[in-house]
Amino acid sequence: MILSVLPEIPVVDRPRYSKEKLPPYSYVPKQTPHPVSDPTGHWYGREEVVPPPLSPGDWHASETYLYAIDLFNHGYYWEAHEAWESLWHAAGREGTVADWLKALIKLAASLVKAREGNPRGVERHARRSLELIDLVAAEISESSFCGLSLARVEAIARGFLSELGNQTLDTNPALLISSWLELKKN
């Protein structure tokens, strides 16, 4: 199995926000079994559940949103992308909530591309994440949205672009460890 050649995801001490179990591996295209379509994938045969739309005022009640943050914070970037994408669809793919979710999707996609060793993909997704964060910031009057600091999410995306300039983005464990989201207290 290909999993043995991948760098291990560093074990990190991060808060957990959901009760959902983390997958046994983080999917990296062309390096690990596809979680859904490969019979050995960790989500193979799992029933697709459409989550209720994310409510900015009640974000802490969204198990899917909380689980996506857990996935991201523990190095499961493709899986976080998928969880946020299900909420993006539930949001109707337009509006402030959808733009926010898309910014998070693009942030996670940047790290998937980093794991693939694709700097152009990292840059494209990080820049799009920043554009979407700017859109959200222009639409709201607070410094956080759905429990996350806009400045923190922006700093993570800008950090990816900075790392590109340093040519250290491939599977830099320090970058992966430093890229995490902290929810504000309810």
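Fair warning: this is a prediction, and the values are worked out from it, not measured in the lab.
- Atom CD of Glu154 and atom CZ of Arg158 lie 4.5 Å apart (nearest 0.5 Å).
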List the atom pairs, with distances to 0.1 Å, where a side-chain N or O of residues 127-147 and a protein N or O form a donor-acceptor pair under 3.5 Å, not counting sequence neighbours.
| from | atom 1 | to | atom 2 | distance (Å) |
| --- | --- | --- | --- | --- |
| Arg127 | NE | Glu123 | OE2 | 3.0 |
| Arg127 | NH2 | Glu123 | OE2 | 3.0 |
| Arg128 | NH1 | Glu131 | OE1 | 3.0 |
| Ser129 | OG | Ala103 | O | 2.9 |
| Glu139 | OE1 | Thr96 | OG1 | 2.3 |

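- Smallest separation of non-hydrogen atoms from Ala90 and Pro53: O-CG, 3.6 Å.
- At a threshold of 4.5 Å between non-hydrogen side-chain atoms, the residues Tyr65 and Leu148 count as touching.
- Using a 4.5 Å heavy-atom threshold, the side chains of Val97 and Pro56 count as touching.
- To the nearest 0.5 Å, the span separating OG on Ser18 from CD1 on Ile69 amounts to 9.5 Å.
- Among all heavy-atom pairs drawn from Ala126 and Ala157, the shortest one is CB-O, 3.9 Å.
- Residues Lys106 and His81 fail the side-chain proximity criterion, which asks for heavy atoms closer than 4.5 Å.
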Subject >> ring-ring contact (aromatic ring centres under 6.0 Å, His included) between His34 and Trp78, worked out >> reply: CA-CA 10 Å; His34 190 280; Trp78 183 89; 5.2 Å; yes
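- Using bins of under 30°, 30° to 60° and over 60° for the plane-to-plane angle, the ring pair Tyr25/His42 lands in the perpendicular bin.
- Inter-residue side-chain proximity for Val28 and Val112 is flagged as unmet; no heavy-atom pair is nearer than 4.5 Å.
- Minimum heavy-atom separation, Val122 to Ala114: CG2-N, 3.3 Å.
- Ring planes of Trp84 and Phe72: tilted class, angle from 30 to 60°.
- Taken to the nearest 0.5 Å, the CG atom of Leu101 stands 13.0 Å off from the CZ atom of Arg93.
- One hydrophobic cluster holds both Leu22 and Val36 under the rule that ILVMFWY side chains link at heavy-atom gaps under 4.5 Å.
- Side-chain contact between Lys113 and His125 is present, with heavy atoms from C-beta onward closer than 4.5 Å.
- Two residues are said to be in side-chain contact when any heavy atoms from C-beta on lie closer than 4.5 Å; Trp43 and Glu79 meet this criterion.
- Here the closest non-hydrogen pair linking Ala68 and Ala80 is O-CB, 3.5 Å.
- Although no hydrogens or angles enter the test, the distance criterion places a donor-acceptor pair under 3.5 Å between the side chain of Glu63 and the main chain of Lys19.
- Under the 4.5 Å side-chain criterion, counting only non-hydrogen atoms from C-beta, Trp88 is in contact with Ile105.
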**OP:** Could you go through the side chain to side chain contact (heavy atoms under 4.5 Å, CB included) check for Phe160 and Leu107 one step at a time?
**Re:** CA-CA 9 Å; Phe160 299 164; Leu107 192 68; 3.7 Å; yes
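- Between the side chain of Ser62 and the backbone N or O of Asp58, no donor-acceptor pair lies under 3.5 Å.
- Looking at Thr32 and Asp38, their side chains never come closer than 4.5 Å, going by heavy atoms from C-beta outward.
- With hydrogens and angles left out, the side-chain atoms of Ser26 and Arg115 include a donor and acceptor closer than 3.5 Å.
- Pro23 and Tyr67 make their closest contact through CD-OH, 3.7 Å (heavy atoms, listed as atom of the first residue, atom of the second, distance).
- Here the shortest heavy-atom pairing between Leu66 and Tyr17 reads CD1-O, 3.4 Å.
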